[in-house]
Amino acid sequence: MKINVTLPDGSVRSYEHGATAMDVAKSISEGLARNVLSAKVNGEVRDANRPLPGDCNLALLTWNDPDGKATMWHSSAHVMAEAVESLYPGAKFGIGPAVENGFYYDIDFGERSVGEHDFAAIEAKFKELASKKASFIRTEVSKADAIKYFTEKSDEYKLELIEGLNDGEITFYNQGNFTDLCRGPHIPDTSFIKAFKILNVAGAYWRGDEKRKQLTRLYAITFPKQKELDEYLAMLEEAKKRDHRKLGKELDLFTFSEKVGPGLPLWLPKGTALRERLVNFMKKAQEDSGYVQVSTPHIAHKDLYVCSGHYEKYGKDSFQPIHTPHEGEEFLLKPMNCPHHCEIYKSRPHSYKDLPIRYAEFGTVYRYEQSGELHGLTRVRGFTQDDAHLFCRPDQVKEEFKKVIDLVLLVFRALDLTDYEAQVSLRDKEDRSKYIGSDENWEKAEQAIIEAAAEKGLRTVVEYGEAAFYGPKLDFMVKDALGRKWQLGTIQVDYNLPERFDLEYVGSDNLKHRPVMIHRAPFGSLERFVAVVIEHTAGRFPLWLTPEQAIVLPISDKFVGACHDVVRVLKNSDIRASVDERNEKIGRKIRDAELAKTPFMLIIGEKEAADGTVSVREHGQGDLGTMAPASFAELVNGRIKAQLAAH
RNA sequence: GCCUUUGUAGCUCAGAGGUAGAGCACUUCCUUGGUAAGGAAGAGGUCCCGGGUUCAAUUCCCGGCAAAGGCUCCA
């Protein structure tokens with residue numbers, strides 16, 4: 001009896017019954033067979049050496065397929081577990097899945113504490129085991145046998161996992177001296193793994209539950225070639241160099257102080273100026289889009305947040321209320337700007353003709369984040385949002401969304417963030433009970449978002465069940481220069497707050513109606529946004545944003561005066577420049593300016609001073625020749641204009 | 001909050017149970033130099049904080065504080 005196998009290119013090949021994906025690979029080429037990690041059979045990823053079920057569609061998976069990589073990494077987790085078990089007898093194992101970059105295994109080492117100093121031994125053992133070319137062998141076991149096996153090993157974690165499985169669907173995989181409860185699939189044998197590295201160690205609660213025991217999680221990665229591991233490690237090094245915390249310090253943008261407190265960034269003059277430019281950029285764009293600025297204080301009555309519902313949801317995990325000394329009133333540090341804006345809306349009646357109303361505020365908010373959650377500028381306790389709230393009629397939602405999308409894209413363009421993706425978050429299809437607002441309005445809003453995104457030509461993914469309880473949303477994910485994903489701009493529809501604050505407008509029918517509210521923040525928070533921009537550009541900011549656009553370098557003291565003259569000319573053209581007056585040689589000044597990532601260096605010596613020119617050198621590019629200061633100003637402003645051009 | 005690691009000069013980091021070290025930065029002097037580091041001298045430290053062990057602790061132990069990596073990825 002023969003079976004027919006359809007390959008991804010549509011070709012059909014015939015094999016003996018019981019043939020495996022590996023047999024198919026071998027029949028195509030030896031080279032392919034050496035690289036096959038697993039196989040996708042009728043859409044399901046399976047072991048390459050498992051007999052095919054009959055006629056099927058088959059895709060052979062190699063290192064180039066995400067599923068192939070995952071197979072390899074998951075198998076690597078088993079080998080790492082084997083290494084750990086042989087070095088630390090009695091270790092118990094939780095789960096060991098493949099993740100985005102490598103894999104991990106959660107391990108209970110008992111009383112022992114395992115840290116970085118143990119990595120070398122585990123790595124050595126791993127290499128020894130991997131080189132044995134042990135096959136991964138799949139066996140189906142009964143639930144009773146599975147329980148028996150892990151009871152003997154007294155591994156309560158595996159036993160708990162087995163509890164949740166049905167008899168008849170349980171499989172074990174074995175390689176070398178290690179057997180694990182595992183659904184698979186796995187690579188044929190351990191020889192495919194040529195390079196291994198433990199990346200870090202972390203505590204992880206069993207099943208992600210902080211009430212349960214904390215296991216030791218070993219993160220690691222493997223590759224089929226040593227060279228690829230080396231490249232990966234080099235990439236991590238590069239990421240470290242771009243770390244915004246390091247660059248923020250080097251470029252004098254911001255700092256932290258233990259006295260001031262964790263998660264509370266202090267912006268230095270250069271960083272503040274950079275922030276201001278971002279703020280002004282946004283203010284201008286918002287003005288052009290019909291926003292009006294409002295301003296609200298940093299604290300408010302607790303009742304405001306009780307009304308908005310934020311107190312109930314976040315209150316217990318927030319900074320505790322501030323009490324007035326005599327009246328005993330309770331005030332909270334502002335965690336959100338929206339309730340304030342609702343009150344501004346309420347301060348007077350509105351006609352349908354007034355809508356949409358767009359209140360914008362660069363509002364600084366304070367949120368308690370657990371100490372371990374804090375991270376540089378990306379996770380802080382005090383930060384400034386480029387917040388705005390749009391109050392509109394239901395029929396205006398789509399148009400408003402499109403305008404906000406334009407604003408977000410304007411920001412991305414100005415900062416060279418070209419690789420982005422939009423996520424539309426909608427209601428759970430099954431359970432609609434957890435959402436507030438009428439079905440009809442939701443329907444309308446969801447449709448409006450989808451259409452707005454489509455009409456703007458966004459690349460979107462739709463996620464059901466990801467909407468907030470108060471409304472659907474559109475989030476922008478940006479990939480930075482190293483391919484890391486960040487969530488930046490967000491646009492959210494809200495039916496909840498208009499309800500809670502009893503917001504209304506008078507319609508053309510002279511009846512009262514509920515406006516729809518849209519929250520949006522193209523930057524998200526200034527802190528986080530600056531961090532992303534630093535890491536994306538490695539500190540080489542776009543010309544319009546950079547702290548200092550040009551530094552003027554005198555060849556010797558004699559030309560300092562001429563340098564200041566040039567700075568004055570540049571200032572008149574809105575170019576930020578200063579003079580390096582230090583008593584140093586020109587080579588040194590150039591080096592320091594290059595390291596400070598200053599975009600342009602203007603050198604003035606005998607020749608330039610005499611004919612009123614500057615010798616222009618561009619960061620990372622070198623000498624551009626001499627020109628008049630006015631021509632240089634034109635060059636800079638021309639480039640800035642090109643970058644900020646709307647389209 | 002919890003786990004692992006770390007905390008020494010402004011920065012990056014070395015160090016040892018017995019008077020604290022380097023490079024860069026800083027100050028002064030010399031040098032006036034043409035596209036990525038000119039030379040010399042000097043100043044600078046509560047070795048994160050609090051307790052304990054010791055004749056002696058910055059070093060060892062305990063407790064805090066802060067920072068870093070992680071705590072969503074489901075056999």
Side-chain angles (χ1 to χ4, degrees), chain A residues 70 73-74 77-78 81 93-106 109 113-119 146 150 155 157-165 169-173 180-184 199-219 240 243 245-246 249-250 252 255-263 317 368-376 553-560 582-596 601-608 615-626:
Chain A
W73 283 337
H74 183 202
H78 282 230
F93 298 90
I95 59 167
V99 291
E100 204 173 323
N101 289 302
F103 57 92
Y104 66 79
Y105 219 124
D106 285 345
F109 285 96
S113 111
V114 168
E116 273 165 40
H117 42 277
D118 303 293
F119 289 3
F150 283 106
D155 188 328
Y157 306 103
K158 293 294 177 190
L159 286 170
E160 185 179 325
L161 293 169
I162 293 167
E163 275 310 305
L165 299 174
E169 65 177 24
I170 297 173
T171 51
F172 278 7
Y173 273 83
D180 203 354
L181 169 74
C182 183
R183 181 170 46 205
L199 298 173
N200 53 46
V201 57
Y205 298 105
W206 173 232
R207 310 209 115 173
D209 181 349
E210 61 185 280
K211 294 196 182 60
R212 306 198 61 179
K213 181 150 184 182
Q214 189 159 39
L215 307 181
T216 303
R217 175 172 294 182
L218 291 175
Y219 279 94
K240 256 189 212 160
D243 191 313
R245 293 164 301 184
K246 180 173 141 66
K249 197 184 270 179
E250 282 174 15
D252 293 324
T255 187
F256 287 89
S257 148
E258 288 193 18
K259 272 214 180 81
V260 172
D317 296 321
Y368 171 76
E369 300 284 353
Q370 294 194 102
S371 57
E373 303 278 5
L374 299 173
H375 180 93
L553 312 178
I555 294 283
S556 81
D557 303 355
K558 281 180 273 181
F559 310 110
V560 169
R582 290 177 307 162
N583 180 5
E584 294 291 349
K585 289 193 174 179
I586 194 67
R588 177 52 181 276
K589 291 179 185 174
I590 288 170
R591 179 183 150 81
D592 288 347
E594 288 282 350
L595 290 176
M601 287 145 270
L602 307 181
I603 297 159
I604 298 182
E606 187 108 37
K607 195 166 102 30
E608 293 81 5
S615 173
V616 180
R617 182 189 160 101
E618 185 171 1
H619 171 77
Q621 302 294 316
D623 201 346
L624 300 186
T626 55

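Only this structure's heavy atoms are used, side chains among them; waters, hydrogens and symmetry mates stay out. Per chain, numbering begins at 1; letters A, B, ... match sequence-line order.
Between the CH2 atom of A:Trp73 and the CD atom of A:Glu100 there is a distance of 9.0 Å, given to the nearest 0.5 Å. Taking CG of A:Leu595 as the reference point, atom NE2 of A:His619 lies at 9.0 Å (rounded to 0.5 Å). The distance from the CG atom of A:Asn583 to the OG atom of A:Ser556 is 9.5 Å, given to the nearest 0.5 Å. In this structure, NZ on A:Lys585 lies 13.0 Å from CD1 on A:Ile590, to the nearest 0.5 angstrom. A:Leu218 CG to A:Asn200 CG: the interatomic distance, rounded to the nearest 0.5 Å, is 9.0 Å. Note that the CD1 atom of A:Ile586 and the OG atom of A:Ser615 stand 8.5 Å from one another [nearest 0.5 Å].
Residue A:Ser615 places a side-chain atom within donor-acceptor reach of the base of B:U35, judged by atom type and a 3.5 Å distance cut-off alone. In this model, a side-chain donor or acceptor of A:Tyr205 finds a partner on the base of B:G1 within 3.5 Å. Within 3.5 Å, a donor on the side chain of A:Glu608 pairs with an acceptor on the base of B:G34, or the reverse.
The partner of B:G44 is absent, by the rule that a Watson-Crick or G-U pair needs both atom distances under 3.5 Å. B:G69: Watson-Crick or G-U partner is B:C3, with both key distances under 3.5 Å. Judged by Watson-Crick or G-U wobble contacts below 3.5 Å, the nucleotide B:G10 has B:C24 as its partner. Base-pair partner of B:C29: B:G39 (Watson-Crick or G-U wobble, both distances under 3.5 Å). Shown here, B:U19 forms no base pair; nothing in the strands shown gives a Watson-Crick or G-U wobble contact with both key distances under 3.5 Å. Applying the Watson-Crick and G-U wobble criteria (two distances, each under 3.5 Å), B:U59 pairs with nothing in any strand.
Listed nucleotides: B:G38, B:U35, B:A75. Nearest to the side chain of A:Glu584: B:G38. Distance from the side chain of A:Lys558 is smallest to B:G33 among B:C3, B:A68, B:G33. Counting only heavy atoms from C-beta on, A:Pro262 has its side chain closest to B:A67 among B:C2, B:A67, B:G33. Nearest nucleotide to the A:Glu606 side chain, out of B:G34, B:U35, B:C73: B:G34. Taking every side-chain heavy atom of A:Ile95 into account, B:A75 is the closest of B:A75, B:C73, B:G34. Listed nucleotides: B:U32, B:G69, B:A75. Nearest to the side chain of A:Ser556: B:U32. Each of B:A36, B:A75, B:G33 was ranked by its minimum atom distance to the side chain of A:Asp557; first place goes to B:G33. When each of B:C73, B:G34, B:U35 is scored by its nearest atom to the side-chain atoms of A:Ile555, the top-ranked nucleotide is B:G34.
Within the 4.0 angstrom heavy-atom criterion, base atoms lie near A:Gly605. At a threshold of 4.0 angstrom between heavy atoms, the contacts of A:Asp623 include nucleobase atoms, whether or not backbone atoms are also involved. Contact annotation for A:Leu199: no contact, since no heavy-atom pair falls under 4.0 Å across all strands. Within the 4.0 angstrom heavy-atom criterion, only backbone atoms of the sugar-phosphate kind lie near A:Ala204; the bases stay farther away. No engagement by A:Leu215 is indicated, since no non-hydrogen atom pair under 4.0 Å with the nucleic acid exists. Among the heavy atoms of the strands lying under 4.0 Å from A:Gly376 are primed sugar atoms or P, OP1, OP2 only; no base atom is included. Contacts of A:Glu163 with the nucleic acid, taken as non-hydrogen atoms under 4.0 Å apart, are absent. Contact annotation for A:Lys589: no contact, since no heavy-atom pair falls under 4.0 Å across all strands. Residue A:Ile586 is in sugar-phosphate contact alone, with no base atom involved, counting any heavy-atom pair closer than 4.0 Å across all strands shown. Residue A:Glu250 is out of contact with every strand shown, counting any heavy-atom pair closer than 4.0 Å.
One atom, CE of A:Met601, and another, P of B:U35, lie 14 Å apart when rounded to the nearest Å. Per the geometry, CZ belonging to A:Phe119 stands 12 Å off P belonging to B:G70, to the nearest Å. Rounded to an integer number of Å, the gap from A:Lys585 NZ to B:C30 C1' is 13 Å. Rounding to whole angstrom units, CD1 of residue A:Ile603 and P of B:G34 are separated by 11 Å. The CG atom of A:Asn583 sits 10 Å away from the P atom of B:C30 (whole-angstrom rounding). In this entry the distance linking CD of A:Glu100 with P of B:C74 reads 12 Å, nearest Å. Summarising the geometry, the separation between CZ on A:Arg582 and C1' on B:G33 is reported as 14 Å, rounded to the nearest angstrom. When the P atom of B:A75 is taken as reference, atom CZ of A:Arg207 falls 10 Å away, rounded to whole Å.
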| Residue pair A:Arg183, A:Glu169: steps toward the side chain to side chain contact (heavy atoms under 4.5 Å, CB included) verdict | CA-CA 9 Å; A:Arg183 181 170 46 205; A:Glu169 65 177 24; over 6 Å; no
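In terms of modelled atom types and a separation under 3.5 Å, the side chain of A:Lys240 and the main chain of A:Lys246 share no donor-acceptor contact.
Nucleotides B:G7 and B:C48 are separated by 8 Å at their P atoms, to the nearest Å. Nucleotides B:U59 and B:C74, compared at atom C1', are 45 Å apart to the nearest Å. Between B:G42 and B:U46, the distance separating the two C1' atoms is 24 Å to the nearest Å. Rounded to whole Å, the C1' atom of B:A22 lies 11 Å from the corresponding atom of B:A9. Rounded to a whole angstrom, the distance from the C1' atom of B:A40 to that of B:A68 is 40 Å. Between B:G10 and B:G45, the two P atoms lie 8 Å apart (nearest whole Å). Taking atom C1' in both B:A57 and B:C49, one finds a spacing of 15 Å when rounded to whole Å. Separation of the P atoms belonging to B:A56 and B:C26 is 43 Å when rounded to the nearest angstrom.
Dashed line: the shortest gap from a side-chain N or O of A:Arg217 to OP1 or OP2 of B:C3 is not under 4.0 Å. Contact between the side-chain N/O atoms of A:Lys249 and the OP1/OP2 oxygens of B:U12 is found at a separation under 4.0 Å. Taking side-chain N and O atoms only, A:Tyr219 has a distance below 4.0 Å to OP1 or OP2 of B:C71. An OP1 or OP2 oxygen of B:G69 is reached within less than 4.0 angstrom by a side-chain nitrogen or oxygen of A:His375. For B:G34, the OP1/OP2 oxygens have no side-chain nitrogen or oxygen of A:Arg591 closer than 4.0 Å.
Of the two residues near RNA chain B, A:Phe256 and A:Thr216, the one whose nearest nucleotide lies more 5' is A:Thr216.
Of the residues A:Ile95, A:Leu159, A:Leu165, A:Asp155, the one that meets the side-chain contact (heavy atoms from CB on, under 4.5 Å) test with A:Leu181 is A:Leu165.
The neighbour count for A:Glu606 CD, taken as heavy atoms of other residues, nucleotides or ligands under 6.0 Å away, does not exceed 12.
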